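All figures in this text were calculated on a predicted structure; none of them were measured in a lab.
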Amino acid sequence: MVGTVAKDVTTEPELLLERSRAITVHGSDKEGRAVVRIVGEYFPARALGGRAEEALKAHLRKRVLPEVGEREFVVVYMHSLVDRGDNFPGLGAIRAAYECLPAAAKERLRAVYFVHPGIQARLFFATFGRFLFSSGLYEKLRYMSRLEYLWAHIDKGELEVPECARRHDDELERRPLMDYGIEAADRCSVFDAASMDTSASLRSLRCS
């Protein structure tokens, strides 16, 4: 009897995430490491519903890691205009997706550039980051309050910047107090609410 090889079938959630282009590989940084770009606004969290974790794990395993190969890599996460109800998969899904990576891939991840974090995100990770994520990931987190700071690590021509990030960067230049939570943005940060897939109370971080 001739054995059959099971096909790696692409599921509907995987296709939805792939077509969103929320997670793609873009060129190299100034040290020659691969760049994995994550655009938070593009993530189809509402459409995925409870299947976000499944889709994230599969997309990383089937698409992102094969394209990165054996190279060291960095992640550029663009948090611009992320809203918990529309395009945030939940901290549990993010944590599970990272933990499912092979140990060798975790070792090759050299930095996570968090673009446009805002004061709520900074406070959240300063308070709860070490409890939610392994120290190996937490210590690689680098905040980039403006796109200009990112260019110290990645040449502009190597990374496609989405319009949402450009608009948010321009708004921060016009309203710099937004960085400190003194002037509220039009949309609250995803990290301002209590229901963050964690039992910790974050009511004090709510937007006004």
Side-chain angles (χ1 to χ4, degrees), residues 8-29 33-117 121 125 132-134 136-138 140-144 147 150 153-154 156-166 168 189-191 197:
D8 197 356
V9 179
T10 301
T11 65
E12 180 185 348
E14 294 171 48
L15 283 173
L16 187 61
L17 180 53
E18 183 175 354
R19 289 168 181 166
S20 74
R21 293 188 56 78
I23 307 174
T24 52
V25 179
H26 278 255
S28 304
D29 69 0
R33 301 175 297 201
V35 176
V36 177
R37 188 196 70 170
I38 303 176
V39 181
E41 192 190 33
Y42 291 176
F43 195 89
R46 184 181 294 277
L48 287 171
R51 302 172 297 177
E53 181 178 325
E54 166 200 341
L56 269 172
K57 288 181 178 180
H59 188 69
L60 291 174
R61 184 181 71 252
K62 297 179 183 180
R63 308 297 183 192
V64 177
L65 290 182
E67 191 167 350
V68 170
E70 298 301 313
R71 294 177 290 171
E72 291 186 340
F73 66 102
V74 300
V75 170
V76 175
Y77 167 61
M78 297 185 175
H79 188 59
S80 324
L81 304 183
V82 168
D83 180 85
R84 179 164 57 93
D86 293 328
N87 45 30
F88 186 67
L91 287 174
I94 295 173
R95 182 171 59 245
Y98 172 74
E99 294 301 333
C100 84
L101 295 177
K106 292 179 184 177
E107 182 64 28
R108 291 196 302 272
L109 172 60
R110 308 312 300 163
V112 177
Y113 299 115
F114 194 136
V115 181
H116 298 148
F125 281 110
L132 293 171
F133 300 102
S134 65
L137 177 61
Y138 181 78
K140 295 172 183 177
L141 189 62
R142 307 286 184 268
Y143 294 119
M144 302 280 126
L147 288 169
L150 186 62
H153 307 278
I154 303 171
K156 286 185 178 182
E158 289 289 324
L159 185 68
E160 180 184 340
V161 178
E163 183 60 27
C164 61
R166 295 185 188 278
H168 191 67
S189 165
V190 69
F191 295 104
D197 243 356

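Put simply, CZ on R19 and CD on E14 are 11.5 Å apart, with the number rounded to the nearest 0.5 Å. One distance of note links CD of E41 with CG of D86; it measures 9.0 Å at 0.5 Å rounding. Rounding to the nearest 0.5 Å places NE2 of H59 at 8.5 Å from CG of L56. With rounding to the nearest 0.5 angstrom, the CD1 atom of I23 is 5.0 Å from the CD1 atom of I38. To the nearest 0.5 Å, atom CZ of residue R95 and atom CG of residue L91 are 7.0 Å apart.
Considering only heavy atoms from C-beta on, C100 stays 4.5 Å or farther from R61 through its side chain. A heavy-atom distance below 4.5 Å is not found between the side chains of V112 and V76. Residues N87 and P44 are not in side-chain contact: their nearest non-hydrogen atoms beyond the backbone lie 4.5 Å or more apart. Looking at Y77 and V115, their side chains never come closer than 4.5 Å, going by heavy atoms from C-beta outward. Side-chain contact between P102 and L65 is present, with heavy atoms from C-beta onward closer than 4.5 Å. Between L109 and L101, the closest side-chain pair of non-hydrogen atoms is not below 4.5 Å. Between H153 and M144, the closest side-chain pair of non-hydrogen atoms falls below 4.5 Å.
With sequence neighbours excluded, the residues satisfying side-chain hydrogen bond (donor to acceptor under 3.5 Å, both in side chains) with T24 are H26. Checked against side chain to side chain contact (heavy atoms under 4.5 Å, CB included), R51 has the following partners two or more places apart in sequence or in another chain: E12, P13, E54. Scored by the side-chain hydrogen bond (donor to acceptor under 3.5 Å, both in side chains) test, E99 finds K106 as partners (sequence neighbours excluded). R63 is linked by a side-chain hydrogen bond (donor to acceptor under 3.5 Å, both in side chains) to E18, counting only residues two or more places apart in sequence or in another chain. Scored by the ring pair (Phe, Tyr, Trp, His ring centres under 6.0 Å) test, F73 finds no partners at all (sequence neighbours excluded). Scored by the side chain to side chain contact (heavy atoms under 4.5 Å, CB included) test, A22 finds L17, S20, Y42, F43 as partners (sequence neighbours excluded).
Across all non-hydrogen atoms, the minimal contact from L141 to Y143 is CD2-OH, 3.6 Å. Between R166 and V161 the shortest heavy-atom distance is NE-O, 3.4 Å. Closest of all the heavy-atom pairs between V36 and V64 is CG2-CG1, 4.0 Å. Shown here for L81 and C164, the closest heavy-atom pair between the two residues is CD1-CB, 3.8 Å. Between I94 and P89, the closest heavy-atom pair is CG1-CG, 3.9 Å. A pairwise comparison of heavy atoms in R108 and G69 identifies NH2-O, 3.2 Å as the closest pair.
With R33 contributing its side chain and E72 its backbone, the two residues share no donor-acceptor pair below 3.5 Å. Counting only distance, with no hydrogens or angles, the side chain of R37 and the backbone of E160 share a donor-acceptor pair below 3.5 Å.
The 12-atom threshold is not exceeded at CZ of R21, counting heavy atoms of other residues, nucleotides or ligands nearer than 6.0 Å.
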Is there a ring pair (Phe, Tyr, Trp, His ring centres under 6.0 Å) between H116 and H79 once you walk through the steps?
CA-CA 6 Å; H116 298 148; H79 188 59; 9.2 Å; no
